[in-house]
Amino acid sequence: MLFWILTAALVAMIALLFGLALLRRHPEEETSTASYDVQVYRDQLSDLEKDRARGVISPEEAERTKIEISRRMLEADRQERAGKELGRRAGEAPRGATLAAFGVVVVLLGAAFAGYAVLGARGYGDMPIRQRLAEADTSYASRPSQDEAEKQAAASRGPAPAVDPKFAELMEKLRQAVAARPTDLEGLTLLARNEMAMGNFRAGYEAQKRLIAAKGDAATGEDYAQLGEDMVVAAGGLVTRDAEAAFATALDKEPKNGLALYYVGLMMGQNGRPDRAFLLWDGLLRNTPAEAPWNAPIRANIEELAWLAGEQNYTPPGARGPSAADMANAAQMTPEERMQMIRGMVEQLNDRLASEGGPVEDWAKLVSSLRMLGDTGRADAIATEARSKFVSDKEALAKIDAATQAPVGAAMGPMGGGAAAGAPMAGAMPGPSAEDVQNAAEMSPEERQQMIRGMVDGLVERLTTEGGSAQEWARAVRSLAMLGDTGRAKEIYGKAQVALAGDAAALAMVQQAAEAAKVAP
């Protein structure tokens, strides 16, 4: 309240001073200087005549000086008369102009006062950048420990959901097997993943630590990034110091590890450094494949983060062609609908790469997509072009070579890829109608993402209640991972292993999908 009293007093004082300045009129003072100058020049002319009479100055010099003094005296006389006229007019001017000027001053001051009331933050002091950075450092240094964060998360999370008895029995056998063979890498990997899927988060990341210890120097950056992510999940989403250390090790081993960079950016945002978080997340959007699991949460928050970082006109980079989730959902459509949808997305990707270029993942995706459409000629030509662009990058060349091995006609459905005419595709599900496809083409990216998520959720719900084929379990794992829901993807993968136990071919198919989605070793 004291703030507003002082502010109101200052506004009133300033308005009063402006008013007094406008109301005070002294016309006689405006002409006093000019009158004095005229008198001085007259005295100079008189003294000049005396000096010429005494012979102190020559007649020629006296004449020149007289002309100059006379010129200055005439100018001063003109200013004197102009000042008197101005004073006369000011004295005769209506008071309305003065009052109007005074009103303008009052309105401006009132507008400033009202503007602060709307936009200002009364009660808060100045926040210079040095103080903000100091507060960010304090927040960073005072984070809860891993144990404290887990306790807080457990209290807000509530009781864990009930676990299927058959799955719980299998997990108990897995724990016993790992206890008997503590250096079994595959057993530790399965244990870590499935403990996390069950909600036993501490047991999950402890198993991941044991896996890293068992691998020793062979542990990869991805192993450490996975450990950090498991710890963040256990801490309710907070990047603790322990998790940060895991991400730091991951980046030491693999400086471009996307998962670690994502969580380091999250940590920066949690501790008052949106500027650094924005740079990391924007870089991930621009330099990693669109189907990377971290891109979905980044896209959901990047614009607000950009605003906090001072990027007022930021536009996120566009989606990089059809994602694996798009292709998986397209496989559920009729052949005509699927062809129309896929070909449109592939042509968009082709046009963008031709005009702007892109990372090797985009080139590989275009090659494999064209092969899926049966357009092997264009696929081979684009693969050759891509190889010329990445001729010195062995890893990129390997990705392109792998794309050229994609099955031909895989997107053709029941009538393509060598299947008998009219033979139903294994695990086929009713796809969206033609009207759905037309509506999807007119949707915004957010609406389309919501539609895809609804379709995937329906598939997951049916699989968990009724079961399904290996193709459907694999599709659910891939789609969830592509939507950024890696936790549920791991959970579904674990349930698929239980549901398909005893069928080696089916388990291999789901395992391949999980590896491609980076939710399995």
Considering all heavy atoms, the nearest A219-I212 contact: CB-CG2, 3.9 Å
When you measure from the side chain of R193 to the backbone of K490, do you find a donor-acceptor pair of N or O atoms at a distance under 3.5 Å? no
Assess whether side chain to side chain donor-acceptor pair (under 3.5 Å) is satisfied between D223 and T220, documenting all intermediate values. CA-CA 5 Å; D223 292 329; T220 64; 3.1 Å; yes
Could you go step by step and tell me if Y224 and D252 meet the side chain to side chain donor-acceptor pair (under 3.5 Å) rule? CA-CA 10 Å; Y224 281 96; D252 283 341; over 6 Å; no
Is any side-chain heavy atom of L266 less than 4.5 Å from a side-chain heavy atom of W281? yes
Can you find a pair of side-chain heavy atoms, one from P317 and one from D282, that are under 4.5 Å apart? yes
In this structure, are over 12 heavy atoms from other groups packed under 6.0 Å from K215 atom NZ? yes
Kindly determine whether K365 and E361 satisfy salt bridge (Lys or Arg N to Asp or Glu O under 4.0 Å), including the steps that lead there. CA-CA 6 Å; K365 184 185 299 178; E361 289 82 5; over 6 Å; no
Close side-chain approach of E222 to N257, heavy-atom, < 4.5 Å: yes
With the side chain counted from C-beta on, respond yes when L366 and L353 share a heavy-atom pair under 4.5 Å apart, and no when they do not. yes
Which one of Q270, R241, E244 satisfies the side chain to side chain donor-acceptor pair (under 3.5 Å) criterion with Y140? E244
Hey, does the side chain of D393 reach the backbone of A396 with a donor-acceptor pair shorter than 3.5 angstrom? yes
Taking the side chain as every heavy atom from C-beta outward, state whether K399 and W363 have any pair of such atoms under 4.5 Å apart. no
Are the side chains of M267 and Y263 in contact, using a 4.5 Å heavy-atom criterion? no
What residues form a salt bridge (charged side-chain N to carboxylate O under 4.0 Å, His left out) with R202, not counting sequence neighbours? D147, E150, E206
If every non-hydrogen atom of R273 is compared with every non-hydrogen atom of A136, which pair is closest and at what distance? CD-CB, 3.8 Å
Counting only N and O atoms by type, is there a donor-acceptor contact under 3.5 Å from the side chain of D242 to the main-chain atoms of S145? no
A quick test of your reading: do over 12 heavy atoms of other residues, nucleotides or ligands sit less than 6.0 Å from CD of E172? yes
Does a side-chain heavy-atom distance below 4.5 Å link E347 with N350? yes
Can any side-chain N or O of E254 pair as donor or acceptor with the backbone N or O of G221 at less than 3.5 Å? yes
If only atom types and distance count, is the side chain of Q208 paired as donor or acceptor with the main-chain N or O of Q226 below 3.5 Å? no
Tell me whether T189 contacts the main-chain N or O of L185 through its side chain, where contact means a donor paired with an acceptor under 3.5 Å. yes
Taking the side chain as every heavy atom from C-beta outward, state whether E311 and L305 have any atom pair closer than 4.5 Å. no
In terms of the angle between their ring planes, are F278 and Y314 parallel, tilted or perpendicular, with boundaries placed at 30° and 60°? perpendicular
Using every non-hydrogen atom in the two residues, find where T404 and A383 come nearest and quote the distance to one decimal. CG2-CB, 3.7 Å
Is there a donor-acceptor pair closer than 3.5 Å between any side-chain N or O of R210 and the backbone N or O of L188? no
Polar side-chain atom of Q146 near backbone of T240 as donor-acceptor pair, under 3.5 Å: no
Between atom CD of E304 and atom CD1 of I302, what is the distance when rounded to the nearest 0.5 Å? 10.5 Å
Rounded at 0.5 Å granularity, tell me how far CG in L284 sits from OH in Y262. 10.0 Å
